[in-house]
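Following: one structure in structure tokens, then a few remarks.
All values reported here derive from a predicted model rather than from experimental measurement. Residue numbers start at 1 and run along the sequence shown.
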Amino acid sequence: MYRMFIVDDNKYERNGLKNHIDWASLGIEVVATFPNGAEALERIDELKPHLIVTDIAMPIMNGVQLSEHIYQRYPDIKVIFISCHSDFEFAKSAVDLGIYGYVLKPIIADELVTAVKKLVHDIDIKHSQSMEKERMLQQLEMMLPLVQEQFFKELLLGNFHNEADIIKRMAFLKVAVRPHDRIHVLSIQLHEAEEKAIDHGVADAYFVSYSVKRSITSLSTGNRYIYPIQFSPLDYAAIIFEADDEDNIMNTAVEISMEISRRVELTAITGISKVSEEIADISTLYKQAQKAVHTRFYSGSNPIITFEEIEDRTDVPFEDLPNLEAVYQDLKTLMIYSTAADVREFVDKYLGDRVSRHDANYVKSFAFMVMNITRIILQEANQTFRDLAEDDMKIWKQFSQPDTPIHVSEKIYQWLMSIIDRLSEKNTSKNTKVVDTIIGIIKSKYHEQITIEDISKSVYLSGRYANALFKKEVGKTIFDYVIEVRIDAAKKLLKDKDSRVASVAEEVGYMNTSYFCLAFKKNVGMTPAEYKSKVVL
């Protein structure tokens with residue numbers, strides 16, 4: 001029931017209005033009647049009326065004066081004027097006071113009922129709207145973290161620009177922001193180890209989302225407020241408002257990364273923006289954090305990259321790269337004959353120190369140098385990347401993607417190995433012929449003082465790469481094969497009962513008998529004399 005006052009200095013009219021209209025059927029209770037505005041005003045706080053029907057012309061305080069007080073102090077109370085025709089012009093001046101209706105005297109009940117019904121209907125609508133708003137605010141309170149996250153997502157994406165508007169929205173959403181807070185934005189990318197990668201269910205996805213956000217918000221303190229935002233199952237952001245003058249952002253990022261790893265066993269790669277005290281800069285800070293995390297030149301299990309680290313980076317000056325001719329010669333030799341160890345030695349020679357120092361630009365620039373030189377070498381041999389079952393664009397894309405220095409180094413190694421293996425497959429018959437020639441030389445000259453360099457010159461190769469090719473095809477080095485041939489020959493000679501160890505050593509190419517004995521024992525498991533005593537009958 002809505003509560004109503006009737007205010008009229010005429011007692012009969014006042015009582016008539018109260019008693020001759022069925023107010024209850026309209027949902028109204030007449031809680032009091034008064035002869036003037038002053039008395040009505042005194043009881044408003046006590047009786048709390050929703051509407052007032054008042055005459056205009058009254059002693060002590062007339063209806064207009066009453067309405068002025070109501071308009072200023074009780075704006076939700078609705079007022080309907082009743083008045084004689086002679087007061088009509090005067091009543092019109094009360095329009096600015098928000099008077100809801102005007103009914104002329106003598107009162108026609110239906111006219112007053114119509115005016116009150118309309119008023120009650122409007123009050124009902126506003127009450128319904130008020131209740132709906134209250135329910136909305138209650139739901140908003142329950143869903144506040146989700147609503148905050150949606151707001152921050154739009155803020156990060158640059159959908160809000162006006163700082164005053166942003167501050168109002170933050171205040172409404174109870175975002176804890178203080179004047180002159182230091183603002184950072186983190187871009188957090190989660191990665192799952194390939195060996196642990198499985199097809200997660202929906203429940204797992206929600207659990208990860210919940211755990212990551214809890215990991216972020218759990219690090220809020222009295223001086224630091226952190227709000228998480230999720231863009232995809234593995235892509236998150238965090239907005240950090242910090243009151244301290246000291247820049248603790250790196251420690252905060254490390255703590256978040258470690259907490260995520262602890263809760264969900266995922267690697268968190270984090271990009272950190274620069275700092276700002278302007279809330280309107282948040283979308284710019286997010287772009288900085290994203291640029292940092294997408295460089296992906298990092299080290300360690302939970303890498304963290306600041307925008308300052310990459311902001312002023314330029315390509316490595318050409319003069320800082322290794323000597324072009326030296327790299328060309330080394331690569332050309334690798335392309336001819338090499339083993340995995342040779343390729344590893346090549347990569348370590350040019351990148352070992354740079355990888356350990358996390359010199360990302362140098363490593364990547366060297367990768368492109370290697371690709372260009374390899375292309376030239378293959379063209380000289382009338383071959384291309386495509387001839388070796390590689391698509392040119394795929395190769396360039398592989399090395400253009402962001403990665404760590406150590407991973408780029410490993411990609412260079414793997415790529416060179418794939419090139420060399422395919423070249424080796426194409427040159428199988430040539431390799432076999434070279435190896436057969438080396439074996440023939442060893443078997444015919446093992447008793448002479450031959451060296452690996454002597455043997456390699458016979459096949460027009462360097463000792464290093466002749467040895468590498470031989471080991472790749474035979475499974476042992478040229479040196480080991482020479483020893484094997486000499487020991488096999490010595491074993492045959494030692495079967496003669498008249499043979500002498502020193503003479504046998506000299507006949508198989510050893511000038512030093514002691515050295516021969518050591519080599520023999522190492523390969524046979526016993527000394528020449530012990531062997532002779534067992535085989536000679």
Y481 vs I438, side chain to side chain contact (heavy atoms under 4.5 Å, CB included): CA-CA, chis, key distance, verdict: CA-CA 10 Å; Y481 191 79; I438 292 174; over 6 Å; no
Yes or no on side chain to side chain contact (heavy atoms under 4.5 Å, CB included) for F470 and I455, after CA distance, side-chain angles and deciding distance? CA-CA 11 Å; F470 190 87; I455 296 171; over 6 Å; no
Could you go through the side chain to side chain contact (heavy atoms under 4.5 Å, CB included) check for I260 and I188 one step at a time? CA-CA 10 Å; I260 289 174; I188 303 169; 4.2 Å; yes
Check step by step if side chain to side chain contact (heavy atoms under 4.5 Å, CB included) holds for L156 and I239. CA-CA 9 Å; L156 290 174; I239 302 177; 3.9 Å; yes
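Side-chain contact between I226 and L186: absent, with no pair of heavy atoms (C-beta onward) separated by less than 4.5 Å. Taking the side chain as every heavy atom from C-beta outward, Y2 and L119 never approach each other to under 4.5 Å. Here the side chains of I44 and I52 are in contact, with some heavy-atom distance below 4.5 Å. Looking only at side-chain heavy atoms (C-beta outward), M369 and Y350 stay at 4.5 Å or farther from each other. Between Q288 and V185 the shortest side-chain heavy-atom distance does not fall below 4.5 Å. With contacts defined as side-chain heavy-atom distances shorter than 4.5 Å, the pair E242/H184 does not qualify. The closest side-chain heavy-atom distance from K78 to K126 is below 4.5 Å. Looking at R214 and V264, their side chains never come closer than 4.5 Å, going by heavy atoms from C-beta outward.
Separation of atoms CE (M4) and CD1 (I77) is listed at 13.5 Å; rounding is to 0.5 Å. The distance from the OG1 atom of T252 to the CZ atom of R224 is 3.5 Å, given to the nearest 0.5 Å. Here CG of L351 is found 11.0 Å from CD1 of I406. Values are rounded to the nearest 0.5 Å. For the atom pair CD1 of I166 and NE2 of H161, the computed distance is 8.5 Å after rounding to the nearest 0.5 Å. For the atom pair OH of Y206 and OG of S211, the computed distance is 14.0 Å after rounding to the nearest 0.5 Å. Between the CD1 atom in I183 and the OG1 atom in T284 there is a gap of 11.5 Å [rounded to 0.5 Å].
Counting all heavy atoms, side chain and backbone alike, R3 lies closest to L47 at NE-O, 3.0 Å. In this structure, E163 and I279 approach most closely via the heavy-atom pair OE2-N, 3.7 Å. The heavy-atom pair separating V79 from S67 by the smallest distance is CG1-OG, 3.7 Å. Among all heavy-atom pairs drawn from D281 and S276, the shortest one is OD2-OG, 2.8 Å. Closest approach of E259 to S218, counting heavy atoms only: CG-OG, 4.2 Å. The two residues A292 and G271 have their closest heavy-atom pair at CB-CA, 3.9 Å.
Within a 6.0 Å sphere centred on CZ of F231, heavy atoms belonging to other residues, nucleotides or ligands number more than 12. Within a 6.0 Å radius of NZ in K213, other residues, nucleotides and ligands contribute more than 12 heavy atoms. Enclosure of atom NZ in K287 is not indicated, since only 12 or fewer non-hydrogen atoms of other residues, nucleotides or ligands lie within 6.0 angstrom.
Between the side chain of S187 and the backbone N or O of A237, no donor-acceptor pair lies under 3.5 Å. Between the side chain of S261 and the backbone N or O of S257, at least one donor-acceptor pair lies under 3.5 Å. Here the side chain of K521 pairs no donor or acceptor atom with the backbone of L518 at under 3.5 angstrom. The backbone N or O of Q230 lies less than 3.5 Å from a partner atom in the side chain of K153, making a donor-acceptor pair.
A donor-acceptor contact closer than 3.5 angstrom links the side chains of D480 and T477.
Salt bridge status for E410 with R344: present, with a side-chain N to carboxylate O gap under 4.0 Å.
Each of I412, L416, D348 was checked for a side chain to side chain contact (heavy atoms under 4.5 Å, CB included) with V343, and the lone residue meeting it is L416. When each of R263, E255, R262 is paired with S215, the side-chain hydrogen bond (donor to acceptor under 3.5 Å, both in side chains) condition holds for R263 and for no other.
F346 and F366 have tilted rings, their planes meeting at an angle from 30° to 60° on a 0 to 90° scale.
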